[in-house]
Amino acid sequence: MCGIMGYVGGREAIPLIMRGLRGLEYRGYDSAGVAVIEGDEIPVRRSVGKLDQLQALLEREPLSGSVGVGHTRWATHGRVTDINAHPQSDCNHELVVIHNGIIENFLDLKDELVAKGHAFVSQTDTEVIAHLIEEALKSANLVEACRLAFSRLDGHNAILIINRRYPDQLIAARLGNAGGIVLGFGDGEMFVASDRLPIMEHTRRLAFLGNREMALVDRNGAQLFGLDGSTIKRDPEMYMWDPLATAKGGHKHYMHKEIHEQPSALTDTIRGRMDLQRGQVYLDELNLDDAVIHSMQRLSIVACGTAWHAGLIGKFMIERLAKIPVDVEFGSEARYREPLMDPSTFVLAITQSGETADTVAPMEQALERGLRTLVICNTPGSRAAQIADGVLYTQCGPEIGVASTKCFTGQLAALYLLGVFLGTRRGVIDPAEARRYLEGLERLPSLMGQVLSREPATEKLAAAFFQMCDFLFLGRNINYPIALEGALKLKEISYIHAEGYAAGEMKHGPIALIDQNMPVVTIATRDHVYDKMISQIEQVRARDGIVIAVANDGDARIGDLADHVLYVPETEPLLQPILNVIPLQLLAYHVALRRGCDVDQPRNLAKSVTVE
Ligand code: AGP
């Protein structure tokens with residue numbers, strides 16, 4: 001949820017940290033701050049608002065030093081103010097701490113520390129860490145004091161510490177699932193960050209901290225320890241990085257670029273995983289042999305937000321292709337429901353970042369219960385990828401825009417591949433059927449390109465409707481989740497209230513909302529419930545509702561009924577949602593643009609929700 005960055009080396013730390021924070025700003029942008037060790041001081045600069053405000057402050061009041069930390073905040077405890085911005089420090093200003101996560105027992109710890117005479121200045125939970133270490137330093141060195149302090153913390157937290165009495169060192173720790181700690185091994189310099197993106201322009205030699213691990217970092221490398229005091233040996237590995245992948249490539253926003261990257265992202269996701277001639281899918285990375293596959297009687301999908309919408313569509317795909325019953329649940333619900341599962345139930349998490357706390361927690365619960373746990377993920381080295389029994393990576397490249405687009409359609413392609421994989425291995429579909437299914441997938445990127453070429457139609461609609469206050473999105477069967485996704489895209493970047501609804505449910509209440517001020521987006525591509533959608537559109541029109549339909553090319557019937565139509569090509573019914581969502585992504589984008597919203601960094605949101 002927050003972005004954290006540290007540097008130890010021979011160069012000026014602040015320019016490197018500020019550049020790194022820009023790459024992390026999508027994780028949270030309420031306030032930001034930096035600190036360096038400068039002589040025997042540890043000066044701090046903090047500012048509410050985006051990084052530009054902090055940059056302006058640094059130009060007025062510069063800092064100089066080669067050991068430093070920086071933080072972009074998404075507020076959890078304490079209002080968005082300068083005093084609550086990170087870094088936070090101890091009473092004597094000997095050390096500073098930056099932190100991502102929630103310290104669930106911070107009030108008890110704060111009471112204990114106040115009773116010992118510690119004076120707190122902020123409302124944050126983070127400040128407790130600084131005072132705990134200060135207290136422990138009375139009888140231990142920095143590493144031991146940090147270890148003792150971290151051991152007192154409940155909750156999921158990622159932490160960086162620098163201390164002016166240890167001017168060449170930095171301490172990093174990962175406690176649970178509050179976002180990663182990535183170590184970048186440079187030449188005579190070290191980088192530490194929440195994820196790999198801001199490090200990889202400097203070095204591609206990376207190591208990742210696991211749960212309840214800490215690192216003592218100096219310019220020559222890192223020593224890793226368990227919170228139990230054990231020493232950990234972990235060599236850095238080389239990771240691939242394409243600098244263009246994190247640039248906007250001429251697009252005004254990352255979201256727009258990522259919407260248009262979908263054909264290539266889907267192509268990269270399916271590449272090397274299917275043999276059309278043989279009608280086979282290869283997913284060796286899931287570590288599922290035929291015996292294990294035949295032992296699976298149920299699949300439980302856990303995910304959040306857009307990834308949950310992908311899971312809802314995955315249910316249709318996998319039940320149809322592999323005849324395996326599928327449940328789909330919000331991670332935030334699953335983690336507290338104690339679901340009834342036996343070893344024949346496999347768990348499949350879907351998470352772009354691999355760091356969503358509400359998704360990782362039920363994964364850990366499933367693993368503790370001995371259930372086979374898989375993940376569809378876009379981020380190598382992420383927590384979810386570290387702990388799963390098998391990882392099916394989408395190959396979408398970094399997704400920077402907070403609103404997920406290319407990773408959503410990448411997840412749908414991965415789910416479809418999984419369905420064909422399981423169906424063929426379980427003998428539910430024969431090679432000829434598999435070939436037909438896979439041909440549909442292979443044709444998809446070019447059909448996606450056709451839909452993208454029709455972007456002007458969504459721009460026109462946005463011009464007509466961007467001042468509306470409410471939208472309704474209706475879909476049925478496999479397109480009901482697309483109605484949910486279209487509504488989420490619109491609301492999260494344009495701040496317009498939008499609701500996705502099962503079309504068949506309209507008559508049971510929501511139809512009361514329909515009037516001439518309520519645009520109703522209906523997904524009415526040709527399938528076995530098409531006629532039901534037609535009658536749905538009739539019901540909306542009978543009440544002066546405005547109908548915007550997503551329909552297949554050549555569908556004149558819809559053209560006569562709806563006020564506006566966004567046409568998409570026809571494809572395999574199980575893949576049609578991948579085409580149907582694209583005009584809705586573009587509509588949301590252009591509405592938000594016209595409303596002057598911050599498309600890539602919408603208010604109150606963050607790209608990866610690593611706290612509850
Ligand atoms: C999607 O547009 C949202 N930003 C959000 O719902 C997101 O899908 C959700 O937080 C899950 O993220 P994940 O895929 O990284 O787990």
Side-chain angles (χ1 to χ4, degrees), residues 1 26-29 74 156 177-180 194-195 197 253-256 258-259 262 265 269 301-314 328-335 348-364 375-385 387-388 391-394 396-412 414-415 473 481-482 484-495 498 500 581-582 584-589 592 597-612:
M1 206 75 125
Y26 68 94
R27 295 172 67 97
Y29 28 85
W74 187 88
H156 301 274
N177 304 322
S194 313
D195 67 41
L197 286 184
H253 296 101
Y254 283 110
M255 183 183 177
H256 193 256
E258 290 152 7
I259 289 172
Q262 291 184 102
T269 295
I301 294 177
V302 291
C304 299
T306 287
W308 180 74
H309 298 153
L312 292 174
I313 292 171
V328 187
E329 197 160 13
F330 285 126
S332 55
E333 289 297 317
R335 69 187 295 185
L348 172 65
I350 305 173
T351 167
Q352 177 279 126
S353 65
E355 299 290 356
T356 299
D358 284 334
T359 302
V360 171
M363 289 179 71
E364 289 186 324
V375 65
I376 292 175
C377 183
N378 194 55
T379 312
S382 62
R383 179 75 183 143
I387 64 175
V391 185
L392 173 44
Y393 282 116
T394 51
C396 299
E399 185 176 70
I400 309 295
V402 165
S404 186
T405 50
K406 65 176 180 177
C407 286
F408 174 64
T409 48
Q411 288 160 359
L412 294 182
L415 286 159
F473 288 74
I482 295 300
L484 296 173
E485 176 61 11
L488 177 62
K489 287 284 98 49
L490 184 66
K491 76 180 99 174
E492 71 174 329
I493 65 172
S494 74
Y495 316 145
V581 74
I582 295 173
L584 306 187
Q585 295 167 339
L586 289 168
L587 179 63
Y589 173 76
C597 297
D598 188 336
V599 170
D600 283 331
Q601 297 174 359
R603 69 186 182 195
N604 307 339
L605 282 172
K607 181 62 180 173
S608 174
V609 185
T610 59
V611 293
E612 284 201 65

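We count ligands from 1, going down the list as the structure has it; atoms in each ligand are counted the same way.
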Using the side-chain contact (heavy atoms from CB on, under 4.5 Å) criterion, which residues pair with A403? Sequence neighbours excluded. M255, K489, E492, I493
All ring-ring contact (aromatic ring centres under 6.0 Å, His included) counterparts of Y589, not counting sequence neighbours: H253, H256
Put together the list of close N/O pairs, under 3.5 Å, between ligand 1 and the protein, could you?
from: ligand 1; atom 1: 2 (O); to: T306; atom 2: OG1; distance (Å): 3.3
from: ligand 1; atom 1: 2 (O); to: S404; atom 2: N; distance (Å): 2.8
from: ligand 1; atom 1: 2 (O); to: K489; atom 2: NZ; distance (Å): 2.9
from: ligand 1; atom 1: 2 (O); to: E492; atom 2: OE1; distance (Å): 3.4
from: ligand 1; atom 1: 2 (O); to: E492; atom 2: OE2; distance (Å): 2.5
from: ligand 1; atom 1: 4 (N); to: V402; atom 2: O; distance (Å): 2.8
from: ligand 1; atom 1: 4 (N); to: E492; atom 2: OE1; distance (Å): 3.4
from: ligand 1; atom 1: 6 (O); to: T306; atom 2: N; distance (Å): 3.3
from: ligand 1; atom 1: 8 (O); to: T306; atom 2: N; distance (Å): 3.1
from: ligand 1; atom 1: 14 (O); to: Q352; atom 2: N; distance (Å): 2.7
from: ligand 1; atom 1: 15 (O); to: S353; atom 2: N; distance (Å): 2.9
from: ligand 1; atom 1: 15 (O); to: S353; atom 2: OG; distance (Å): 2.7
from: ligand 1; atom 1: 15 (O); to: T356; atom 2: OG1; distance (Å): 3.4
from: ligand 1; atom 1: 16 (O); to: T351; atom 2: OG1; distance (Å): 2.7
from: ligand 1; atom 1: 16 (O); to: T356; atom 2: OG1; distance (Å): 2.5

Return yes if a side-chain donor-acceptor contact under 3.5 Å exists between S404 and Q352, otherwise no. no
Go through V375 and T359 one step at a time and tell me if the side-chain contact (heavy atoms from CB on, under 4.5 Å) criterion holds. CA-CA 10 Å; V375 65; T359 302; over 6 Å; no
Apply ring-ring contact (aromatic ring centres under 6.0 Å, His included) to Y393 and list each qualifying residue two or more places apart in sequence or on a separate chain. none
Could you tell me if the side chain of Q411 sits less than 4.5 Å from the side chain of H309, heavy atoms only? no
